[in-house]
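As a basis for the values below, the full set of heavy atoms in this structure was taken, side chains included, without hydrogen atoms, waters or symmetry mates.
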Protein chains: 2
Amino acid sequence: MHTSAIDQRPAPLDLSHHFSRTAKARHESRVKEFYRYFAIPGIANLAGGLPNAEFFPYTTLEASLVPPERFKPTPNRPNGPLGGVPRGVSSTLLTEQRATTAHLLVPKSSGTSNRLHEIDLKTALQYGTAQGYPPLYDFLRQITRENMHPNVPYADGPEIVLTCGSTDGFNKAIETFSNEWSAEKQPVHEREGILVEEFCYMNAVQCVQPRGLQVVPVGMDDEGMRASGLGGLRDTLRNWDESRGKRPHLMYTVTIGQNPTSSTLSLPRRTELYELCKEYDVIIIEDEPYWYMQFPSVIGPDIAQRYFPKSPSDITGAKGSSGFDFLDSLMPSYISIDTDGRVVRLDTFSKTISPGCRLGWITAQPALIERILRFTEVATQQPSGFVQSIVAEHLIGPHNLCDGGRGGRKDGKGWAVEGWVRWLAGLRGAYERRMQTMCRVLEDGKYMLTSKGLGSKGYTTTEPWSIIDRLQMYNFVWPRGGMFVWIKIYLGTHPLHGKVEPPKLSQALWVHLTTKPYLVLVAPGTIFSPTPEISKSKGFEYYRLCFAAVEDDEIEAASHRFVKGVNSFWAKKNLDEVEEILGVCSDGYKLMYGGPHFELLTMSS
Amino acid sequence: MHTSAIDQRPAPLDLSHHFSRTAKARHESRVKEFYRYFAIPGIANLAGGLPNAEFFPYTTLEASLVPPERFKPTPNRPNGPLGGVPRGVSSTLLTEQRATTAHLLVPKSSGTSNRLHEIDLKTALQYGTAQGYPPLYDFLRQITRENMHPNVPYADGPEIVLTCGSTDGFNKAIETFSNEWSAEKQPVHEREGILVEEFCYMNAVQCVQPRGLQVVPVGMDDEGMRASGLGGLRDTLRNWDESRGKRPHLMYTVTIGQNPTSSTLSLPRRTELYELCKEYDVIIIEDEPYWYMQFPSVIGPDIAQRYFPKSPSDITGAKGSSGFDFLDSLMPSYISIDTDGRVVRLDTFSKTISPGCRLGWITAQPALIERILRFTEVATQQPSGFVQSIVAEHLIGPHNLCDGGRGGRKDGKGWAVEGWVRWLAGLRGAYERRMQTMCRVLEDGKYMLTSKGLGSKGYTTTEPWSIIDRLQMYNFVWPRGGMFVWIKIYLGTHPLHGKVEPPKLSQALWVHLTTKPYLVLVAPGTIFSPTPEISKSKGFEYYRLCFAAVEDDEIEAASHRFVKGVNSFWAKKNLDEVEEILGVCSDGYKLMYGGPHFELLTMSS
């Protein structure tokens, strides 16, 4: 962080014209006016409406947990695409500390009265401030400002507010920055819009559509959202047709390991998109659940040289370091180039601790956070004190070892920033190895070998190589981050191409894969299509495969079964066979269109 | 519950015309269409987007807790107003089990695959269903239907959905049942409205006002909302002036231990109000955080006979029993007389476990719950799995004692419904004793003794009784439930009445009470006034005193200090003295108007 007395950075822009009517109408909290009365020594506070902590049945909260060194990291700057990651190394490979478990304890009452150090049940189980539990808020604010984004370009840097996870965070941002619109009540020129990637996380779309927002897809390539070209951001904003509604003033984007495509935005592209958002006054809602899961091993040194910063100082004028090689090696957030203060970043513990935390935070310039905070006060109020105090004790630990608490380390201290960063680096390693296991198998299985001029003989051909031709059944880009492989099915190479409609063929393959002996369930691309047009024009050509969910030792076998299933499907030459597959599954076709709950698919398995 | 094969109850009404445009536009989840595929034996699920549970750092969650018998209950049907509660009995009086603490444990993985019994971290820390964590949802649904409201009059009974506490639940209900309105964009006849008690919980008002809803206060008496009379519900609805906006189709009400007035609605009044809501098609949002804290000791047998049901069978046609004397003795919810299915009830663990849980649930007819669930999916998703699994293990316990879990009882079982009801009865007892401690002191201190014809001589007069007159300084009704005493200050009896404006006099008293040696902070009635008119016309006459927050042994002393402070203020006869008090506190007057955070007043004390 900038430590000089005078902050040389320009102040963020006043973006209050983007607040929704509802957000503008919220009143500031008046409680601060009472603070001087609370502080009167010996005063009996009969004013508040809080139950006494003696009525809480819990006297401690505790947890066992693994050490931050559990997973082995992968190199931050590998020599080559697969450098340093030996084949067959499992992601469950643990370090020596495997057996070392720590026992965390949140005491009923800690000794301190400093609210930033006070982690105990008498405060955590009481009503709290919407900003977040003070010690956790303070810790997260600090790592956000000093470690994650040490180069925020506006004066005084960003503020944060805790959320009940990023879905909650997104909903709050939408409520703060967009007005509801009704076709039946309002003229179309009042309709607001939101830019999204052309394949995207559908929960976001499901959140905004009922409010009447127009969802405006922007074209993508392997990096993610495109700035230029037909359907790119420039084209979309410059040639906006006002008769469709207002030009969108919001963007929802996942820039690292994007869901579902796993695309990862380079720094030049990011800068280009940001400049367009500046020109057209767009607020960027950057959702980064996979931010720490960036996979340098798939980025060739040539690409790295051109598109990825080697250190934070590669960012225009930026000099700050996170203090950690791992964090410094990560692609910087939009926040790092946010001169205007128009980026609202969503972070979550869902992928770094667990989704069940329902805990995350929003980072943005203070004036935007303040309005989100006002809504939080009358909506969720604060994340659960159970998870806030446990995570606080886990990461921060007790103020001193006599306060009765025990942190996430075996010696009773908290993990601290160092432990947390080590954990993140290990997690990245575990995901990167899983990704490589899956991608190697998929890479090997892209092609069907056919006898030249004799047509397909299937996967196990024994013809000599000289008369063998290769037929590509699918393709994919090795993910540079995230949890998914995004596979494009080459339906045009299937023997029945031209005889069966491509969407139907894709659906038949999807069902075929779920049958014995293949037994793999994949996510159809249609359910990540933000508009029906995208779903119909190209969504059906894609499948999303997740390498994060199944057991570690199942990844390789399941990937092989996928390959075999595709191969055996390419051996089908009769229309009847496809009809038979779809006949078994009369509800098959509609399955291709999902709903908000698709992410829960593995819950029952 | 009705166990006969054919449900004789009429179906609830179709109230879908009350859904907001946003709520109507939400799509149903399509995930159920995938269920048959999840269930295929041996299938590898690469479709979902969930992290594997091996990546979660936690291997157990644990807690220590007190036994359900910790607090001694008070009688459900005392002989008289104060019967059975000896003076001086402290609410911290514990039973023999005081020292018995149980150690709860949520294991990483439980043995069972039955989702209703599976309480473990691999499910609780994963993404979950918006309805709630299956075992906890199932437990709460069952106690809601069978124990809390065994007499719901519509077919198939109510459904529930878990919330992040009742503030979250209220916000979700408002989003589902009301449309935003903007003076600048829409004609006034489209403005919707919500009925509230004339003194009410201001967080609710702060939630609806920015959406453009008109807040419509309804007159109250000691029971709560009035049905009849000027400003009562009938008058408000019947004589509604359409030029102000639409006649309100929503009501927000707290019927037990109402905040701030502690009023408690009788059954006849409840029925009368319900019939009006039926006639004018109003949806009732019933918020009952204090439902279990009903104080029969303040209800004389005459009142009880006339206004309170002796058993559930007193409710028209109702025959069901909760199975527990304690629950049977409680005033039934609006849900119990809800023939139409127009009641949306909010429950919370904030007062029964702790506010920091941020955990509660909504009860209503299934079609209304379904729309709230759709919003939940794109907003909070689910309450934190940390609190859900701990509370589930606490109340339900492990499926069997070999699954690795330990419940909230010392023997490792869960509290079960029996333990939970015993805990609630004990809590009620503790609150009831605190209330009595405070009210006895306040009762004794209502009057200032003055010498007839000689004017006030203050509190410690030694004049013989024959020439003493009593001057009443304030009045209150002993609360029949809740956490508060609502005190009306008789400003008209103050020596300076007529010389100082009453609001200013009230404010001076408020400040005076915070000074030595009185040192009590009370909540001014203005901050519970839903409109500025109420604040100005009568809000300033009231103070709310909370007997729940301070330490047990402080209640009596603080109450005495309040009485002494009022007495000493009544001894002030010079305008200068009042000016001096207010001069010390130049920000004093504005303090009388609070914001959404007022309930947090004790946080810093």
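- Contact of A:V391 with chain B is made through backbone and side chain together, with heavy-atom distances under 4.5 Å.
- Residue with the most contacts toward chain A among B:L105, B:L519, B:V550, B:V106: B:L519 (heavy-atom pairs, distance under 4.5 Å).
- Contact check on B:R358 versus B:D168 returns no salt bridge, with no Lys/Arg side-chain nitrogen under 4.0 Å from an Asp/Glu carboxylate oxygen.
- A donor-acceptor contact under 3.5 angstrom links the side chains of B:H103 and B:E62, judged on distance only.
- Only the side chain of A:F375 has a heavy atom closer than 4.5 Å to any heavy atom of chain B.
- Of the two parts of A:S350, the backbone and the side chain both hold a non-hydrogen atom closer than 4.5 Å to a non-hydrogen atom of chain B.
- Only the side chain of A:E184 comes within less than 4.5 Å of a heavy atom in chain B; its backbone stays farther off.
- Heavy atoms closer than 4.5 Å to chain B are found in both the backbone and the side chain of A:A379.
- Proximity to chain B is limited to the side chain of A:E190, based on heavy atoms less than 4.5 angstrom apart.
- For B:E180 and A:T22, the side-chain atoms include at least one donor-acceptor pair closer than 3.5 Å.
- A:K172 does not touch chain B: none of its heavy atoms, backbone or side chain, sits under 4.5 Å away.
- The parts of A:L61 that come within reach of chain B are both its backbone and its side chain, each placing non-hydrogen atoms under 4.5 angstrom from that chain.
- Using modelled atom types and a 3.5 Å distance limit, the side chains of A:T60 and B:S64 yield a donor-acceptor pair.
- When each of B:S389, B:G42, B:A548, B:P355 is scored by its heavy-atom pairs under 4.5 Å with chain A, the top score falls to B:P355.
- Only the backbone of A:P383 comes within contact range of chain B, with heavy atoms under 4.5 Å apart.
- Note: B:P57 leads B:S354, B:P51, B:P57 in heavy-atom pairs under 4.5 Å with chain A.
- When heavy atoms are compared at a cutoff of 4.5 Å, A:Q381 approaches chain B solely by way of its side chain, counted from C-beta outward.
- A salt bridge between A:R26 and A:E175 is present, with a side-chain N of the basic residue lying under 4.0 Å from a carboxylate O of the acidic one.
- A 4.5 Å side-chain heavy-atom check between B:L65 and B:H394 finds at least one atom pair inside the cut-off.
- Neither the backbone nor the side chain of B:K516 comes within less than 4.5 Å of any heavy atom of chain A.
- Among B:P68, B:S384, B:A25, the residue making the largest number of heavy-atom pairs under 4.5 Å with chain A is B:S384.
- Looking only at atom types and distance, the side chain of B:Q388 has a donor-acceptor partner in the side chain of B:Q382 under 3.5 Å away.
- Residue B:I390 touches chain A through both its backbone and its side chain, counting heavy-atom pairs closer than 4.5 Å.
- Note: A:L121 CG to A:Y58 OH = 10.5 Å, rounded to the nearest 0.5 Å.
- The closest side-chain heavy-atom distance from B:T380 to A:T167 is not below 4.5 Å.
- Residue with the most contacts toward chain B among A:L545, A:I353, A:T352: A:I353 (heavy-atom pairs, distance under 4.5 Å).
- Ranking B:A63, B:A44, B:G385 against chain A, the residue ahead of the rest is B:A44, based on heavy-atom pairs under 4.5 Å.
- Ranked by heavy-atom pairs under 4.5 Å with chain A, the first of B:T514, B:N179, B:L125 is B:L125.
- Contacts between B:P41 and chain A at a heavy-atom distance below 4.5 Å involve the backbone alone (N, CA, C, O).
- Ion pair B:K108/B:E54 flagged as a salt bridge, since at least one NZ, NE, NH1 or NH2 atom sits closer than 4.0 Å to an Asp/Glu carboxylate oxygen.
- Note that A:R544 lies in the cation-pi zone of A:F484, set by a 6.0 Å cut-off to the ring centre and a 45° limit from the axis.
- Taking the six-membered ring where tryptophan is involved, the planes of B:W415 and B:W423 are tilted, since the angle between them lies from 30° to 60°.
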